Every structure is written in structure tokens, then in C-alpha cells.
Amino acid sequence: MARLYRAQRLTYAGKTLRFVRPFSDFAFQTYSDIWDDTRQAGFATPKQYVVQTAARVIGRCILMASDPGDLVLDPACGSGTTAYVAEQWGRRWITVDTSRVALALARARIMGARYPSYLLADSTEGKNKEAEVSGAEPVNTASFRDIRHGFVYERVPHITLRDIAHNAEIDVIWEKFHAILEPLREQLNAEVGQTWREWEIPREADDGWAEEAQALHRQWTKTTS
Ligand SMILES: C[S@@+](CC[C@H](N)C(=O)[O-])C[C@H]1O[C@@H](n2cnc3c(N)ncnc32)[C@H](O)[C@@H]1O
């Protein structure tokens with residue numbers, strides 16, 4: 001509990017103690033069978049074709065039903081969302097339309113698309129990258145650049161309450177900053193005639209404070225931010 005406090009992970013709501021957990025602690029969520037993410041993404045994307053499907057919808061279908069290197073067929077191309085998304089996820093594709101307008105739009109869209117670049121898992125550079133992001137030893141087996149083995153994906157951290165509570169480095173960091181902050185707190189209290197504990201020091205300095213108190217508060221804010 002002391003470490004959680006030192007790591008500024010404790011707060012309160014009324015009389016209830018709460019844990020501060022930023023989204024970045026674990027910026028990951030498994031897809032559920034409610035596709036509410038597609039609605040939001042669909043509205044946000046400008047359409048090039050009046051009946052264009054949201055890329056997120058096609059993306060979910062492709063990810064569910066195929067693997068990298070598979071062939072995806074869409075016989076109702078429209079502005080080419082299926083081909084565009086298939087390309088993004090390392091799938092091959094064929095798409096068909098009776099309308100020349102649709103095909104012209106699709107061609108321009110696919111030719112002009114830009115995608116993030118991924119390393120193949122079945123490649124020397126991919127194996128080295130995988131070792132780097134996973135913290136494991138690199139695998140030194142032969143590589144065939146077979147796309148079916150997929151790609152090297154980014155990792156997100158997964159920080160739990162337990163990780164913070166067991167992280168002794170927090171104590172070292174806290175001691176270091178405490179040695180700087182404690183004299184500041186005492187001087188500020190003396191200047192403004194208060195007995196504030198560190199969590200009670202206001203975020204904003206009072207305009208009526210003397211310049212010395214303002215300077216101490218600026219220093220406090222800079223060190224704690
Ligand atoms: C709803 S749109 C597809 C939209 C597409 N998913 C997109 O994101 O743009 C249907 C498309 O199918 C095409 N189409 C209709 N009948 C067809 C047929 N018999 N053969 C091939 N394409 C056809 C239309 O020209 C139209 O572009």
C-alpha cells in the first residue's frame with residue numbers, strides 16, 4: 001500500500017479509497033461479439049463511394065475468417081474496401097464489380113493506400129525483432145519468408161497493481177524525490193502559514209501569495225509533474 005501511495009496510484013472518492021489506473025497500463029482489449037467499435041469507426045471515415053462499407057467491419061470479417069497469405073474474394077467490390085483491408089492484413093485478394101465507376105474508385109484507392117510496415121515472423125530480421133519485443137532469446141532456425149507464419153506485432157505493457165506493489169525501484173525513486181520535496185514543502189508551509197501534507201498542496205498557487213511562496217510552488221509543481 002505504501003508503494004502504491006508513493007507511485008501516486010491511490011486516490012479517493014468521498015470516503016472510499018480508489019486505485020488510479022491509466023489506460024496505458026494495459027491498452028488492450030479482446031474483441032467481443034458486439035461490434036460497437038465498427039459503428040464509431042464507420043462514422044468517422046469519409047466515404048469515397050455512396051455505399052462504401054466501414055473498413056473496420058470488413059477488417060473483422062477478414063481477421064475472423066482468414067490467415068495471412070489466404071486469398072479473399074469480394075464479388076461486389078464497390079470502392080474496394082475488401083481489397084484495401086486485405087492488403088493491410090497480408091491477405092491476397094480478388095475483387096469484381098460490374099460498375100466501371102466502382103472499379104475506377106477502387107483502383108485509385110488501392111494504388112494510393114499507405115499501410116504500416118510489418119516484419120515477417122519467418123525472417124531473420126523478424127526473429128530478431130520478435131526477440132527484442134518479447135525479451136526472449138532470438139530463434140536461430142532457417143527462415144523461408146513464408147507469410148503464413150504471420151508478422152511481428154507490437155506489444156503493449158500489462159501493468160498490474162501487483163507489479164507496482166512489488167516494484168522496489170519505486171522506493172529508490174521516491175526517496176530521491178522526497179529528499180528534494182520535503183524541504184520545499186516545509187518552506188512553502190512556513191511562507192503561507194499552512195501545515196499542508198504533500199497531497200494537500202494546491203495545484204494552483206494563490207495570486208495573493210508573496211513572490212517567494214509563488215517561486216516555491218513553481219519549484220514544487222515542476223518537481224512533482
Ligand atoms: C454495396 S456495394 C459494395 C460496397 C463495398 N463493400 C465498398 O466498401 O465500397 C455493391 C457493389 O456491387 C456491385 N454489383 C452489383 N451487382 C453486381 C454483379 N452482378 N456483379 C458484380 N458486381 C455487382 C455494384 O456495382 C456495387 O458497386
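Both counts, for ligands and for their atoms, begin at 1 and track the order of listing. Everything numeric here is computed off the predicted structure, so don't read it as measured data.
Between the side chain of Arg197 and the backbone N or O of Thr195, no donor-acceptor pair lies under 3.5 Å. At least one donor-acceptor pair under 3.5 Å links the side chain of Thr95 to the backbone N or O of Asp74. Listed for the Arg148 side chain is no donor-acceptor partner under 3.5 Å among the backbone atoms of Asp67. Side-chain atoms of Asn189 never come within 3.5 Å of backbone atoms of Glu186 as a donor-acceptor pair (strictly under, hydrogens ignored).
Taking only nitrogen or oxygen atoms, main chain and side chain alike, Asp97 reaches within less than 3.5 Å of ligand 1. Considering both main-chain and side-chain atoms, Arg109 never comes within under 3.5 Å of ligand 1 through any nitrogen or oxygen pair. In terms of polar-atom proximity, defined here as any N/O pair under 3.5 Å, Thr53 does make such a contact with ligand 1.
Of the listed options Val51, Thr81, Val57, Val96, Val51 places a heavy atom closest to atom 2 (S) of ligand 1.
Per-residue contacts place Ser99 under 4.0 angstrom from the following atoms of ligand 1 (heavy atoms of the residue considered): 25 (O). Near Ser79, meaning under 4.0 Å from any of its heavy atoms, are these atoms of ligand 1: 7 (C), 9 (O).
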Step-by-step ring pair (Phe, Tyr, Trp, His ring centres under 6.0 Å) determination, Tyr115 to Tyr84: CA-CA 10 Å; Tyr115 301 104; Tyr84 169 81; 5.6 Å; yes
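Ile180 and Val172 are assigned to two separate hydrophobic clusters, defined by single-linkage of ILVMFWY side chains at heavy-atom distances under 4.5 Å.
At a threshold of 4.5 Å between non-hydrogen side-chain atoms, the residues Thr221 and Glu204 do not count as touching.
Contacts between Ala106 and ligand 1, counted as non-hydrogen atom pairs separated by less than 4.0 Å, are absent for every part of the residue.
Residue, atom and distance of the protein heavy atom nearest to atom 5 (C) of ligand 1 are Cys77 O, 3.5 Å. The closest protein non-hydrogen atom to atom 12 (O) of ligand 1 is Ala76 CB, 3.4 Å. Of all protein heavy atoms, the one lying nearest to atom 21 (C) of ligand 1 is Pro75 O, 3.3 Å. Scanning the protein for heavy atoms near atom 20 (N) of ligand 1, the closest one is Thr98 CG2, 3.5 Å.
Aromatic rings of Phe19 and Tyr12 (six-membered ring for Trp) have centroids beyond the 6.0 Å cut-off, not under it.
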